[in-house]
Amino acid sequence: MDFIEALRAGVEHRRPTVEWLVPLLEAEGEQECLLLHAADRVRAQMVGEAVHLRGLIEFSNYCRRNCLYCGLRRHNDSLERYRLTREEIVETAIRAWRIGYKTVVLQSGEDFYFSTDLMADIICEIKSRTGLAITLSLGERDKSAYSAWRKAGADRYLLRIETTEEKIFREIHPDDDLYERKRGLFVLKGLGYQLGSGVMVGLPGQDALSLAKDVIWMHELGAEMVGIGPFIPHPQTPLRNEKGGTLEQALRLVAVLRLVFPYAHIPATTAMGVLDPLGREKALQAGANVMMPNITPTRVRPLYELYPNKICLDENADRCFDCATSRIISLNRTIGADCGHVIRQAAS
Ligand code: 5AD
Ligand code: SF4
Ligand code: FES
């Protein structure tokens, strides 16, 4: 299929197929421009001008896994590890609520110190004291944990599939299994979570065809939030010498996702802001409608080092809120006034 036919299929929100996804994911120059503009228009029509802010609390950098790309991997001995206390996590959420956030995202490595019960307790406390929407991003746990947290008041769960290409998945996840990760996502869906997934762009061995298959799989899953970011090689990991992804690749994927998932929540991610100071603004103009400013206490921010050169390390929650707000306003967009739940009736 040529580019123009592919773009037409996209703006008509046809069922995703590799035939039309690949030419869009490979677009360059003028075609790339057309793609990003088309996605921006679809975003405006379908989800409007509001950008939803989610306050991100990175509460533990302990992780039991050894993903080859990630600075938090268990075998990274040069990283100082931290855990916020239950009280610090709750206080951080309350502070976010006072600043004006409507959602907090609780994120950590796969840290079983935070047991099913301890997490449920934290979720319950935040919910009862603030009424905030609560998103979890805690990696893979068992069904009983997901279920207990849902009952405790968690609304959403983010679990990236990272890649659906079996060979790549196996290579970069020595202690994980693609089938298990997929199954976990369907379990979360069945429990009534608003479900987020996503991938990294620019992984070794990945090409437009494999990204197209990722998009198709996430569509079958019925993802309602899709977070993507460029892979950024971390010097203390086995993938230190790989090339990594580019902002352009990430922006094209954001645009394609907006065409395939017209009503989804798509964040302008921090990793895009690492590759380009205006990376997040560019994503917001290529289909994205969510931003996730950091609200983690400043003293531990540098330790949550998934990848190098993370932004906002010296800032605090107030500063990031103000910064994110002014970036959004500079684009003539508005700040989401409610908690920005997923749009279900339209998505189904
Ligand atoms: N570059 C970019 N993104 C990364 N993540 C982890 N390590 C890296 C890296 N080196 C992303 C993964 C994970 C999310 C929390 O952070 O996609 O799901
Ligand atoms: Fe742990 Fe997640 Fe990093 Fe993998 S990507 S090492 S599971 S924090
Ligand atoms: Fe943190 Fe800009 S979002 S300083």
Original post:
Would a distance-only check, ignoring hydrogens and angles, find a side-chain to backbone donor-acceptor pair under 3.5 Å from Gln206 to Leu203?
Top reply: yes

Original post:
Would you say the side chains of Thr296 and Asn294 form a donor-acceptor pair under 3.5 Å?
Top reply: yes

**OP:** Verify the cluster assignment for Phe321 and Leu331: are they in a single hydrophobic cluster under the rule of side-chain heavy atoms below 4.5 Å apart?
**Re:** yes

Original post:
Is it true that the side chains of Gln194 and Tyr157 contain a donor and an acceptor less than 3.5 Å apart?
Top reply: no

Subject >> Nearest heavy atoms of Trp20 and Leu24, plus distance in Å >> reply: O-CG, 3.4 Å

**OP:** Walk me through it: do Thr246 and Leu251 pass the test side-chain contact (heavy atoms from CB on, under 4.5 Å)?
**Re:** CA-CA 9 Å; Thr246 65; Leu251 292 176; over 6 Å; no

Subject >> Closest approach of Val90 to Arg129 (non-hydrogen atoms, all atoms of both residues) >> reply: CG1-NH1, 4.1 Å

**OP:** Assess the side chains of Asp214 and Thr164: does a donor N or O sit below 3.5 Å from an acceptor N or O?
**Re:** yes

Original post:
Could you walk me through whether Tyr69 and His234 pass the ring-ring contact (aromatic ring centres under 6.0 Å, His included) check?
Top reply: CA-CA 7 Å; Tyr69 47 85; His234 187 298; over 10 Å; no

Subject >> Any donor-acceptor N/O pair, Asp111 side chain to Cys63 backbone, under 3.5 Å >> reply: no

Subject >> Heavy-atom pair with the smallest gap, counting every atom of Gly245 and Leu275 >> reply: O-CD1, 3.6 Å

Subject >> Arg301 side-chain N/O to Cys312 backbone N/O, donor-acceptor pair under 3.5 Å >> reply: yes

Original post:
Quick one: do the Glu162 and His173 side chains pair a donor with an acceptor below 3.5 Å?
Top reply: no

Subject >> Any donor-acceptor N or O pair under 3.5 Å, side chains His265, Glu224 >> reply: no

Subject >> Derivation and outcome, ring-ring contact (aromatic ring centres under 6.0 Å, His included), residues Phe59 and Phe114 >> reply: CA-CA 10 Å; Phe59 66 88; Phe114 288 93; 4.7 Å; yes

Original post:
Quick one: does NZ or CZ of Arg181 land under 6.0 Å from the six-membered ring centre of Phe169, within 45 degrees of the ring axis?
Top reply: no

Subject >> Arg150 to Tyr193, cation-pi by 6.0 Å centre distance and 45° axis angle >> reply: yes

**OP:** Applying side chain to side chain contact (heavy atoms under 4.5 Å, CB included), name anything that partners Glu12, two or more places apart in sequence or on another chain.
**Re:** Arg8, Arg14

**OP:** Consider only side-chain heavy atoms of I, L, V, M, F, W and Y, link residues closer than 4.5 Å, and tell whether Tyr179 and Leu185 are in one cluster.
**Re:** no

Subject >> Check ion pair Glu305-Lys310 (N to O, under 4.0 angstrom) >> reply: no

Subject >> Test item: side-chain donor near acceptor, His341 and Arg156, under 3.5 Å >> reply: yes

Original post:
Yes or no on side-chain contact (heavy atoms from CB on, under 4.5 Å) for Arg258 and Asn289, after CA distance, side-chain angles and deciding distance?
Top reply: CA-CA 10 Å; Arg258 176 55 68 201; Asn289 70 326; 3.3 Å; yes

Original post:
In the hydrophobic cluster built from side-chain contacts under 4.5 Å, what are the other members alongside Phe112?
Top reply: none

**OP:** Identify the heavy atoms of Leu53 and Ala324 that sit nearest to each other, and give their distance.
**Re:** CD2-CB, 4.1 Å

Subject >> Donor-acceptor pair, side chain of Arg81 and main chain of Asn61, under 3.5 angstrom >> reply: yes

Original post:
Without hydrogens or angle criteria, can the side chains of Arg98 and Thr130 be said to hold a donor-acceptor pair below 3.5 Å?
Top reply: no

Original post:
Is Glu125 paired with Arg86 through a side-chain N to carboxylate O contact shorter than 4.0 Å?
Top reply: yes

Subject >> Test item: Arg43 side-chain N/O and Ala286 main-chain N/O as donor-acceptor pair under 3.5 Å >> reply: no

Subject >> CZ-OG1 distance between Arg280 and Thr270, expressed to the nearest 0.5 angstrom >> reply: 6.0 Å

Original post:
Of the options Leu159, Leu221, Ile228, which is the one that meets Ser197 in a side-chain contact (heavy atoms from CB on, under 4.5 Å)?
Top reply: Leu221

Original post:
Would you say Leu158 and Val105 make side-chain contact, with heavy atoms under 4.5 Å?
Top reply: yes

Original post:
Between Lys243 and Gly202, is there a donor-acceptor pair closer than 3.5 Å when you use the side chain of the first and the backbone of the second?
Top reply: no

